[in-house]
Amino acid sequence: MENWTHDFNIGSMVRTANAFQAKRVHIVGPHKWNRKGALMTELYQHVENHPSITELVECWKLRIDGEIAAAQSQASAIALHMHENAKSGHGTGMNDAASLNEGRATECAPAGNSMDTSTACGAENGNRLSYLTQLAAIDQRIAELKAARVIALDIIPGAVPMETYRFPKRCLMLFGAEGPGLSEKALELADDVVYISQFGSVRSINAGAAAAVSMHAWIAQHAAPQS
């Protein structure tokens, strides 16, 4: 929220963010706001304050970069562990069925061990499959993080309608104050500008309502409905 001046809208935004499980709410500008509209959700919803829109966007991008680095480090650790297991004979490292069958007889059971070879090899292949599953999940997470975008919500020339926009899994939504909308700097820092299509004689809705519509649009694309 950039320079929102209506206390009710800020509280409404915090309440909506909690309902749709946004990771954080960012307030750019004054720290003081009326918490009645939040219905006490501010007690367990992460709320951060920023002195400027530039600081907010830079902080968010650094957080994304940090998460990418952490995921890459985790993937490297798993790959190294798999490599060490293969070198020590604890993993087959083989792809074709014949090699796997040979591995059952020669690699999976240590000399002098009465362990059933099929059981031992099955456990090792299961470990390798677990590592590969973990790596695939990490790769997907890294891809999602690299696709993260800053999205400005405003009705300006060149903006795309929300109804046709595909929200990335990770994004930072920027909402401006009622009337002036987002600042030129906020629009400059945004990767995309999206607007909510409206068809009445009045082509504007309450800022808190606009935030709710936008967050629900993300939910509709990414969250599984609860039974």
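Owing to the predicted nature of the structure, the values given are computational and were not obtained by experimental measurement. All heavy atoms count here, side chains included; hydrogens, waters and symmetry mates do not.
- For the pair M13 and F175, the tightest heavy-atom approach, listed with the atom from each and the gap, is CE-CD1, 3.3 Å.
- Proximity of a side-chain donor or acceptor of S73 to a complementary backbone N or O of A69 within less than 3.5 Å is not detected.
- Under 4.0 Å is where a charged nitrogen must lie from a carboxylate oxygen, and between E2 and K185 no such pair does.
- Linking Ile, Leu, Val, Met, Phe, Trp and Tyr whenever their side-chain heavy atoms come within less than 4.5 Å leaves W4 and L39 in two separate clusters.
- Interatomic distance, OG of S214 versus CD1 of I219, reported as 12.5 Å (0.5 Å rounding).
- Of the inter-residue distances, the one linking I138 atom CD1 with I68 atom CD1 reads 13.5 Å to the nearest 0.5 angstrom.
- By the 4.5 Å heavy-atom criterion applied to side chains, L189 and V150 are not counted as neighbours.
- Placement of I155 and F167 in two distinct hydrophobic clusters is found when ILVMFWY residues are connected by side-chain heavy-atom separations under 4.5 Å, directly or transitively.
- Between W218 and H222, the ring planes are tilted. Angles from 30° to 60° get that label.
- Distance CG/D65 to CG/L145: 9.5 Å, rounded to 0.5 Å.
- The two residues P161 and V194 come nearest to each other via the heavy atoms C-CG1, 4.2 Å.
- Closest of all the heavy-atom pairs between I27 and W33 is CD1-NE1, 3.4 Å.
- Nearest heavy-atom pair across Q45 and K23 is NE2-O, 3.7 Å.
- Looking at V193 and L182, their side chains never come closer than 4.5 Å, going by heavy atoms from C-beta outward.
- With rounding to the nearest 0.5 Å, the separation of CD in Q134 from CE in M82 is 9.5 Å.
- In the hydrophobic clustering of this structure, V213 groups with M215; members are Ile, Leu, Val, Met, Phe, Trp, Tyr whose side-chain heavy atoms approach within less than 4.5 Å, directly or through other members.
- Between D191 and C171 there is no side-chain heavy-atom pair separated by less than 4.5 Å.
- Here the closest heavy-atom approach between residue N9 and residue A207 is recorded as ND2-CB, 4.0 Å.
- Here the shortest heavy-atom pairing between A186 and L174 reads O-CD1, 3.9 Å.
- Other residues, nucleotides and ligands contribute over 12 non-hydrogen atoms within 6.0 Å of the CD atom of E163.
- When side chains are defined from C-beta on, L56 counts as touching L172, because their heavy atoms get closer than 4.5 Å.
- Interatomic distance, NE2 of H50 versus NE2 of H26, reported as 5.0 Å (0.5 Å rounding).
- Linking Ile, Leu, Val, Met, Phe, Trp and Tyr residues whenever their side-chain heavy atoms come within less than 4.5 Å leaves I151 and Y195 in two separate clusters.
- In terms of modelled atom types and a separation under 3.5 Å, the side chain of Q198 and the main chain of I196 share a donor-acceptor contact.
- Taking CE from M173 and CG from D192, the interatomic distance works out to 11.5 Å, rounded to the nearest 0.5 Å.
- Between L153 and M162 there is a side-chain heavy-atom pair separated by less than 4.5 Å.
- The backbone N or O of Y165 sits less than 3.5 Å from a side-chain atom of Q221, completing a donor-acceptor pair.
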